[in-house]
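Here's the structure we're looking at; comments come further down.
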2 protein chains.
Amino acid sequence: MTAPPQLALSAQLCLPLYAAARGITRRYAELLAEVGLTYPQYVTMLALWDADGPLTVGEIGARLHLDSGTLTPVLKRLESAGHVARHRDAADERRVLVEPTAEGTRLRDRVADVPEQAWRGTGLRVEDAVELRRLLDQLLVGLDASA
Amino acid sequence: MTAPPQLALSAQLCLPLYAAARGITRRYAELLAEVGLTYPQYVTMLALWDADGPLTVGEIGARLHLDSGTLTPVLKRLESAGHVARHRDAADERRVLVEPTAEGTRLRDRVADVPEQAWRGTGLRVEDAVELRRLLDQLLVGLDASA
DNA sequence: ACCAATCATATTGTGCACAATCTATTTGTG
DNA sequence: CACAAATAGATTGTGCACAATATGATTGGT
């Protein structure tokens, strides 16, 4: 037999990971569409809401594992929608500081129920969610360490 | 305090899932670039290699959780690269049957080591990989069931 | 046999991801 | 201080994802 067994679909871990990520983010996206946000725009706002003050593009990228090639257009769209403000850091003109506008801050309450609604119906139990989170964090550390 | 605690970045499960999926598929993509495949093209070939005969676009989509909007251009690129052949099903002209060419079949041996190389260095232990796979399969079932 | 509903795939348009590259600024070293 | 190296972000080009829609084939009910 010539088929490499490690290439069987059933042997893959990457494919379920890829499919599950798309499946749950699609669910988030459906709910977020009501406030006009995409999933990447939403997680960008999460990072900004979480922070005490403005974040640089690089700091947002570190939290979301995204680079400026992805973030710059996302931030431009958030800016033109009135959700964030961007300006060069006077102390270091290479940097761009990003922070939510008042309107962007108000958006937070309107999406407060999105995670619960997105996960409802998946049947994932709380203890399984905790275990899944632990394994994913471990994987992310491993990926970063050997990048 | 007005911040909804369920929106804290640290409380999210979706974001690590999204980031981990991009992280590992990016690693696959780097290795696959040597044979000229992208990750979606690779998993499409996995589905075809796994099958006994030709698969319809819909059957590939069911295995990969992708629709024709994504698969049609992927299949066109695989076809023009000489990896697959496509033709309408004579028994039902709505369907398109896809199968690897001889050259597409040969590609299988050249990517046999990609999964092992991609996961090497992530530090994920085998038993953790098994548990992760179980949780992701469970999540995929839940997502499909409540689609 | 008709024909409305359904089904399979393709097409269109928007928005990511990401590698590669570019530009402008800052930093480190002599 | 000069200036090469490093850094931050923006730009460019390719290829997904996916919703919405279009096209054409098939099926089921009368």
Side-chain angles (χ1 to χ4, degrees), chain A residues 15 18-34 36-45 54-62 64-81 86-98 143 147, chain B residues 15 18-34 36-45 54-62 64-81 86-98 143 147:
Chain A
L15 180 60
Y18 163 73
R22 285 184 293 109
I24 190 65
T25 55
R26 184 164 54 246
R27 216 171 250 248
Y28 270 74
E30 289 165 6
L31 298 165
L32 292 167
E34 294 180 33
L37 288 179
T38 65
Y39 183 76
Q41 288 167 13
Y42 162 75
V43 290
T44 301
M45 294 307 298
L55 292 180
T56 66
V57 173
E59 286 166 344
I60 298 169
L64 308 182
H65 301 264
L66 291 171
D67 65 10
S68 74
T70 301
L71 280 174
T72 296
V74 169
L75 290 169
K76 283 184 177 175
R77 282 185 275 269
L78 286 172
E79 185 178 39
S80 63
R86 296 193 306 156
H87 50 80
R88 289 272 163 191
D89 184 350
D92 184 343
E93 292 280 345
R94 290 173 303 181
R95 296 181 184 166
V96 168
L97 294 171
V98 185
L143 285 167
Chain B
L15 179 59
Y18 163 73
R22 285 184 294 108
I24 191 65
T25 55
R26 184 163 55 245
R27 219 170 247 249
Y28 269 75
E30 290 165 6
L31 298 165
L32 293 167
E34 295 180 32
L37 288 179
T38 65
Y39 184 76
Q41 289 167 12
Y42 162 74
V43 290
T44 301
M45 293 308 298
L55 292 179
T56 66
V57 173
E59 286 166 343
I60 298 169
L64 307 181
H65 300 263
L66 291 171
D67 66 10
S68 74
T70 299
L71 281 175
T72 295
V74 169
L75 290 169
K76 282 184 178 177
R77 282 186 276 268
L78 285 173
E79 184 178 40
S80 62
R86 296 193 305 155
H87 50 80
R88 288 273 162 192
D89 183 351
D92 184 343
E93 292 280 346
R94 290 173 304 182
R95 295 181 186 168
V96 168
L97 294 171
V98 185
L143 286 167

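The analysis underlying the following values was restricted to heavy atoms, covering all of them including side chains, and did not include hydrogens, waters or symmetry mates. Naming convention: chains lettered A, B, ... in sequence-line order (proteins, then strands); numbering from 1 in each chain.
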Got a donor-acceptor pair under 3.5 Å from the side chain of A:Arg94 to the base of D:dT7? yes

B:Asp92 near the nucleic acid: base, sugar-phosphate alone, or nothing, with a heavy-atom cut-off under 4.0 Å? sugar-phosphate

What nucleotide, of D:dC16, D:dA17, D:dT26, holds the atom closest to the side chain of B:Val74? D:dC16

Would you classify B:Thr38 as touching base, sugar-phosphate or nothing, given that sugar-phosphate means primed atoms plus P, OP1 and OP2, and contacts are heavy atoms under 4.0 Å? sugar-phosphate

For the student: nearest non-hydrogen atoms of B:Ala19 and A:Leu64, plus distance: CB-O, 4.5 Å

Can you tell me which nucleotide in C:dA17, C:dG15, C:dT25 comes closest to the side chain of A:Pro40? C:dA17

Report yes or no: is the cationic atom of B:Arg26 (NZ for Lys, CZ for Arg) closer than 6.0 Å to the six-membered ring centre of B:Tyr28, at no more than 45° off its axis? no

Phosphate OP1/OP2 of C:dC16: any A:Arg77 side-chain N/O under 4.0 Å: yes

Result for 5'-nearest mapping on DNA chain C, choosing between B:Leu97 and B:Gly23, is B:Leu97

Would you classify A:Gly69 as touching base, sugar-phosphate or nothing, given that sugar-phosphate means primed atoms plus P, OP1 and OP2, and contacts are heavy atoms under 4.0 Å? base

Answer with yes or no whether A:Ser68 presents, from its side chain, a donor or acceptor under 3.5 Å of a partner atom in the base of D:dA10. yes

Is any side-chain heavy atom of A:Leu15 closer than 4.5 Å to a side-chain heavy atom of B:Tyr39? yes

Is the shortest side-chain N to carboxylate O distance from A:Glu79 to A:Arg86 below 4.0 Å? yes

Of the listed nucleotides D:dG9, C:dA17, C:dT9, the one nearest the side chain of A:Val57: D:dG9

